[in-house]
Amino acid sequence: MVNEVAVRIARPCTDLAAAERFYVEGLGLALLHRIAANRPGEHDLLILGRREANWHLELVGGADLSVRPAPTAQDLLVLYLGRPIDDATIDGLKQAGGRVVAQGPYWDRWGVTVEDPDGYRVVLSSRSWSNAG
């Protein structure tokens, strides 16, 4: 098994401009790539993340989007920051179209949960994480 792989998280999106504001201006992710649909059946794409990371978030939208966002309260993108979440970050996410929501005792104790414009939840956790244990 390969020790290091790239991870792609893909989601449908109803408003790519609103999502870009939330993830780039609010959360501070980089816009890694933008693709505009050129013909029927293709989709507009935003690829967001950190240039030094092995993961990215791909948001799929456009006029031919056949699957609409259908997030549940358990569709979480958890970012383990390893430090307290500062108020400026939360304010920036709210100004960029996010909404702070309760996520239950565990996540509310260890971080802040913010819904993106499509209703998907991003947890900013003050905890650290390592798969090594």
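Taken together through direct or relayed side-chain contacts under 4.5 Å among Ile, Leu, Val, Met, Phe, Trp and Tyr, Leu46 and Val7 form part of one hydrophobic cluster. Residues Val24 and Leu93 share a single hydrophobic cluster, defined by chaining ILVMFWY side chains whose heavy atoms lie under 4.5 Å apart. The cluster map of Ile, Leu, Val, Met, Phe, Trp and Tyr, joined by side-chain heavy atoms under 4.5 Å apart, puts Leu27 and Val78 in different clusters. Neither Tyr106 nor Val101 shares a network with the other; the hydrophobic side chains, linked directly or stepwise wherever heavy atoms of I, L, V, M, F, W or Y lie under 4.5 Å apart, form separate groups for each.
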Could you walk me through whether Glu58 and Arg11 satisfy the side-chain contact (heavy atoms from CB on, under 4.5 Å) test, starting with their C-alpha distance in whole Å, then the side-chain angles of each, then the deciding distance to 0.1 Å, before giving a yes or no?
CA-CA 6 Å; Glu58 180 178 299; Arg11 294 181 173 165; over 6 Å; no
What do the steps show when you test Arg34 against Leu45 for side-chain contact (heavy atoms from CB on, under 4.5 Å), and what is the final call? CA-CA 6 Å; Arg34 180 193 317 270; Leu45 300 175; over 6 Å; no
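Enclosure of atom CG in Asn54 by more than 12 non-hydrogen atoms of other residues, nucleotides or ligands within 6.0 angstrom is indicated.
Residues Ile90 and Leu124 are in side-chain contact: their nearest non-hydrogen atoms beyond the backbone lie under 4.5 Å apart. For the pair Tyr23 and Leu31, the minimum side-chain heavy-atom distance is 4.5 Å or more. A 4.5 Å side-chain heavy-atom check between Lys94 and Val100 finds at least one atom pair inside the cut-off. Using a 4.5 Å heavy-atom cutoff, the side chains of Ile9 and Leu77 are in contact. Within the 4.5 Å cutoff, side-chain heavy atoms of Leu79 are placed close to those of Val122. Using a 4.5 Å heavy-atom threshold, the side chains of Asn131 and Trp129 count as touching. The shortest side-chain heavy-atom distance between Arg99 and Val114 does not fall under the 4.5 Å cut-off. Using a 4.5 Å heavy-atom cutoff, the side chains of Leu65 and Val60 are in contact.
Scanning for ring-ring contact (aromatic ring centres under 6.0 Å, His included) contacts around Trp55 gives an empty result, with sequence neighbours left out. The side-chain contact (heavy atoms from CB on, under 4.5 Å) search around Ala73 returns Arg121, not counting sequence neighbours.
The backbone N or O of Leu16 lies less than 3.5 Å from no partner atom in the side chain of Glu20, so there is not a single donor-acceptor pair. A donor-acceptor pair under 3.5 Å links the side-chain atoms of Arg50 to the main chain of Gly28, judged by distance alone. Looking only at distances, a side-chain donor or acceptor of Asp116 sits under 3.5 Å from a matching main-chain atom of Asp118.
Nearest heavy atom pair, residue Asp44 against residue Ala37, reads OD1-N, 2.7 Å. Closest approach of His43 and Ser66 over heavy atoms only: CE1-N, 4.4 Å. For the residue pair Gly98 and Phe22, the shortest heavy atom distance occurs at CA-CE1, 3.6 Å. Looking at every heavy atom in both residues, Pro84 comes nearest to Ser126 through CA-CB, 4.1 Å. Closest approach of Leu32 to Gly49, counting heavy atoms only: CD1-N, 3.7 Å. Nearest approach of Tyr120 to Pro12, heavy atoms of both residues: OH-CD, 3.7 Å.
For the atom pair CG of Leu81 and OG of Ser128, the computed distance is 9.0 Å after rounding to the nearest 0.5 Å. Between the OG1 atom of Thr113 and the CD atom of Gln103 there is a distance of 4.5 Å, given to the nearest 0.5 Å.
Looking only at atom types and distance, the side chain of Trp110 has no donor-acceptor partner in the side chain of Asp108 under 3.5 Å away.
Annotation: side-chain hydrogen bond (donor to acceptor under 3.5 Å, both in side chains) contacts involving residues 74-86, sequence neighbours excluded, comprise Thr72-Asp75, Asp86-Thr89.
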